[in-house]
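Just the heavy atoms: all of them, side chains too, but no hydrogens, waters or symmetry mates, feed the values below.
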Amino acid sequence: MSIDAVPVHGEGLDDPSTYDVTADADATAHALMDELLLHPWGQVSPSVYETGRLVRLAPWLAGHEQRVRFLLATQRPDGGWGGPGGYALVPTLSATEALLTLLRHPGDDPIADTSRASVAGAAGRGLDMLIGFLGSADAQDIPDMPALDLIASSLIRSINQLLSDSAASRPAPLAPRWRDTRLHPPAWLDGARLAAVRAAIASGADLPSKVFHALETAGEKASRASIARLPSTGGVGASPAATAAWLDERTASDPRHPARVFLETVVENHAGLAPCGIPITTFERAWVLRSLARAGLAPDIPSALVRSLEASAHAGMAAAEGLPADADTTSVALYALALVGAPCAPDALWSYETDTHFCTWKGEQGFSTTVNAHVLEAFGQYLEMVEAGSAGHTKSAPRYRATRDKLVALLCDHQEADGRWLDRWHASPYYATACCALALARFGGEHATPALRRARRWVVDTQRPDGSWGIWAGTAEESAYALQILAQTRPGPAEDSESIARGHRFLLRAAGDLRDQEFDGPALWHDKDLYLPSAIVRAEILGTLRTLQRHHLGTKVC
């Protein structure tokens with residue numbers, strides 16, 4: 001069956017009469033862009049890790065009982081929290097340590113006495129899970145999450161101290177079997193980097209700005225960290241946990257202190273809970289604008305959005321105040337600006353170039369395929385405009401061209417044997433593969449053709465029976481990435497049409513109303529914990545639906 005045979009209404013659709021992309025997509029895109037201005041700190045899902053840190057570090061903050069109930073309600077049957085496999089380590093450590101803290105001083109905490117048994121039971125199940133996991137997990141089982149070694153090392157130490165305190169207390173809040181039990185970190189969690197960070201803070205040394213995002217790992221030393229300038233938001237390192245750790249008793253008691261106001265604002269806006277990274281202002285705006293513009297869905301962009309991105313285009317952009325500037329945010333913003341007719345030279349990206357690749361930020365220890373794909377888009381798009389005489393100076397073209405070619409070869413070399421790409425900033429290979437394949441399809445030329453053919457084949461081969469795609473289960477977000485690969489790369493074999501048709505039907509069913517700010521989906525993006533950036537994901541899905549409508553289905557798609 002060709003994609004043209006997909007029914008406009010009817011078969012396989014939950015509600016076949018309510019969503020007309022031609023009529024609704026532009027309005028939905030405008031609503032999404034308006035949200036970015038109405039909610040300038042961004043739309044991010046709550047985090048078990050970060051919420052657990054507030055239970056531990058800021059019990060005085062409004063919503064404490066809500067946070068405790070959230071931890072109890074989100075524990076899995078196996079005793080863990082968070083995503084599958086290694087993704088459970090950080091949230092489970094955080095939640096378990098927070099619950100153990102509640103049991104330490106009976107009567108000092110506002111949780112009801114009747115819930116103490118529930119707290120103790122949940123803490124015990126968390127300990128069981130952690131003991132089993134730490135005893136068997138290898139370093140290769142642990143995802144490449146920011147500051148994971150710092151977080152895990154600090155929380156294991158704290159949990160062991162709490163267990164020691166519990167064993168000495170009367171009455172003991174935990175079952176007797178925990179009296180002599182301790183968590184034993186594996187060899188790959190030796191705590192060396194944590195010791196170095198804590199020593200640097202104790203000595204008053206200047207810290208790299210990225211360290212502040214996980215300042216809570218410094219323990220009692222966190223409040224001594226010297227911050228040259230508190231961001232205008234009041235948040236330390238764009239993190240509720242880091243902010244709560246930095247506050248000392250005096251500043252925490254000041255209701256007008258910017259850091260306390262930041263924490264109160266965060267929990268008020270998230271039903272008492274806390275996301276991993278907040279605000280995500282520039283990151284969210286760049287990704288949403290790029291996704292909508294690439295699909296032709298940004299004809300009347302609010303000028304305030306464009307100005308906010310242009311303001312730092314020449315110096316490098318951070319995802320938000322309190323975080324270091326990075327090549328990922330900068331390159332996506334530059335590409336988005338070029339797509340909407342406000343091009344800026346990508347020269348700010350040179351400072352992230354290494355001998356082999358572009359790093360996310362200076363001093364990065366890992367490597368990101370998607371960052372290099374986004375840098376390729378920024379250079380490739382601007383180079384085309386330079387060559388067309390619509391931007392920049394032609395004297396820069398040779399260097400831009402050499403960088404483009406270098407990045408094309410780099411991405412092709414990092415493709416997995418089965419055709420996918422993997423990345424350190426997202427759990428799903430469909431995200432990484434979409435980023436790399438779309439950049440190569442647009443700017444890779446004939447050199448990229450074999451890689452794109454392998455990517456398309458991998459996408460077709462991994463489609464689920466219901467038409468979806470996903471690493472753990474079929475999701476609207478990952479299906480959108482898969483469909484982008486099939487719809488926007490080189491034409492594939494005829495059977496791709498059937499795959500697109502089935503995926504399209506699934507996406508229409510799963511997407512729901514993309515104007516709904518309560519959009520729900522799995523957390524797949526990497527920070528200290530997995531998170532869902534709702535507006536970004538909705539923009540990706542909307543852009544995919546419009547792309548399919550424009551290129552394959554005529555005017556109505558559902």
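- Contact of the Q43 side chain with the R538 side chain is registered, since non-hydrogen atoms from C-beta on lie closer than 4.5 Å.
- Of the possible polar contacts, none joining the E216 side chain to the R53 backbone as a donor-acceptor pair under 3.5 Å is found.
- Between the side chain of N372 and the backbone N or O of S368 there is at least one donor-acceptor pair closer than 3.5 Å.
- Here the shortest heavy-atom pairing between L323 and G237 reads CD2-O, 3.5 Å.
- Side-chain contact between H447 and C412: present, with at least one pair of heavy atoms (C-beta onward) separated by less than 4.5 Å.
- Of the candidates F358, Y335, W287, W287 is the only one forming a ring pair (Phe, Tyr, Trp, His ring centres under 6.0 Å) with H374.
- Salt bridge status for R515 with E35: absent, with no side-chain N to carboxylate O gap under 4.0 Å.
- Classification of R401 and E387 as a salt-bridged pair holds, one side-chain N sitting under 4.0 Å from a carboxylate O.
- For the side-chain contact (heavy atoms from CB on, under 4.5 Å) criterion with R457, the lone passing option out of T462, D496, D418 is D496.
- Residues W525 and H426 place their aromatic rings such that the two centres sit under 6.0 Å apart.
- No donor-acceptor pair closer than 3.5 Å links the side chain of D529 to the backbone N or O of S47.
- The closest donor-acceptor contact from the side chain of T370 to the backbone of C435 lies at 3.5 Å or more, if one exists at all.
- Under the side-chain hydrogen bond (donor to acceptor under 3.5 Å, both in side chains) criterion, R399 pairs with no residue, sequence neighbours left out.
- Around the NZ atom of K406, the shell of radius 6.0 Å holds more than 12 heavy atoms that belong to other residues, nucleotides or ligands.
- Between Q381 and L339, some side-chain heavy-atom pair lies under the 4.5 Å cut-off.
- W472 contributes no side-chain N or O that, together with a main-chain N or O of P84, makes up a donor-acceptor pair within less than 3.5 Å.
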Start with the C-alpha gap between Q549 and H504, add the side-chain angles, then the distance that decides, and say whether side chain to side chain contact (heavy atoms under 4.5 Å, CB included) holds. CA-CA 10 Å; Q549 181 267 328; H504 188 198; over 6 Å; no
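- Taking the six-membered ring for Trp and thresholds of 30 and 60 degrees, H357 and F367 have ring planes more than 60 degrees apart, a perpendicular arrangement.
- To the nearest 0.5 Å, atoms CZ (F506) and CD (Q463) are separated by 10.0 Å.
- Smallest separation of non-hydrogen atoms from L411 and T369: CD2-O, 3.6 Å.
- Taking the side chain as every heavy atom from C-beta outward, P279 and E284 never approach each other to under 4.5 Å.
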Pair E540-R290, salt bridge (Lys or Arg N to Asp or Glu O under 4.0 Å): steps then yes or no: CA-CA 9 Å; E540 290 282 4; R290 185 275 312 266; 3.4 Å; yes
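- At least one donor-acceptor pair closer than 3.5 Å links the side chain of T475 to the backbone N or O of E478.
- Looking only at distances, no side-chain donor or acceptor of R285 sits under 3.5 Å from a matching main-chain atom of I280.
- When all heavy atoms of H526 and P143 are compared, the closest pair comes out as CE1-CB, 4.4 Å.
- Atom CG of L508 and atom CD1 of I541 lie 11.0 Å apart (nearest 0.5 Å).
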Is there a side chain to side chain contact (heavy atoms under 4.5 Å, CB included) between R456 and T489 once you walk through the steps? CA-CA 8 Å; R456 293 175 66 90; T489 64; 2.8 Å; yes
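- Note that the CD atom of Q415 and the CG atom of L440 stand 8.0 Å from one another [nearest 0.5 Å].
- What you find for A397 and L383 is that their closest heavy atoms are O-CD1, 3.8 Å.
- A salt bridge does not link R442 with E377: none of the charged nitrogens is closer than 4.0 Å to a carboxylate oxygen.
- A distance of 10.0 Å separates CG of D461 from CH2 of W458, quoted to the nearest 0.5 Å.
- The structure places SG of C436 at 7.0 Å from CG of D423, a figure rounded to the nearest 0.5 Å.
- Side chain of T92 to main chain of L89: no donor-acceptor pair is present (N/O by atom type, distance under 3.5 Å, no hydrogens or angles).
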Carefully, step by step, assess L334 and T330 under the rule side chain to side chain contact (heavy atoms under 4.5 Å, CB included). CA-CA 6 Å; L334 288 169; T330 302; 3.8 Å; yes
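- Separation of the W421 and Y430 ring centroids does not fall under the 6.0 Å cut-off.
- Within the 4.5 Å cutoff, side-chain heavy atoms of L289 are placed close to those of M33.
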Could you walk me through whether L155 and S94 pass the side chain to side chain contact (heavy atoms under 4.5 Å, CB included) test, one step at a time? CA-CA 7 Å; L155 288 176; S94 179; 4.2 Å; yes
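- Counting only heavy atoms from C-beta outward, the side chains of W81 and T51 never approach each other to under 4.5 Å.
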Side chain to side chain donor-acceptor pair (under 3.5 Å) assessment of T547 paired with Q484: CA-CA 8 Å; T547 297; Q484 288 174 21; over 6 Å; no
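- Side-chain atoms of T28 do not come within 3.5 Å of backbone N or O of L514 as any donor-acceptor pair.
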Run Y400 and D347 through side chain to side chain donor-acceptor pair (under 3.5 Å) and show every step you take. CA-CA 9 Å; Y400 294 152; D347 296 346; 2.7 Å; yes
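- Here the side chains of W469 and S428 are not in contact, with every heavy-atom distance at 4.5 Å or above.
- Counting all heavy atoms, side chain and backbone alike, L349 lies closest to A327 at CD2-O, 3.7 Å.
- Taking every heavy atom of both residues into account, L134 and P186 meet most closely at CD2-CD, 3.9 Å.
- A 4.5 Å side-chain heavy-atom check between F519 and D513 finds every atom pair outside the cut-off.
- Although no hydrogens or angles enter the test, the distance criterion places a donor-acceptor pair under 3.5 Å between the side chain of S351 and the main chain of A348.
- Taking CG of D144 as the reference point, atom CD of Q365 lies at 9.5 Å (rounded to 0.5 Å).
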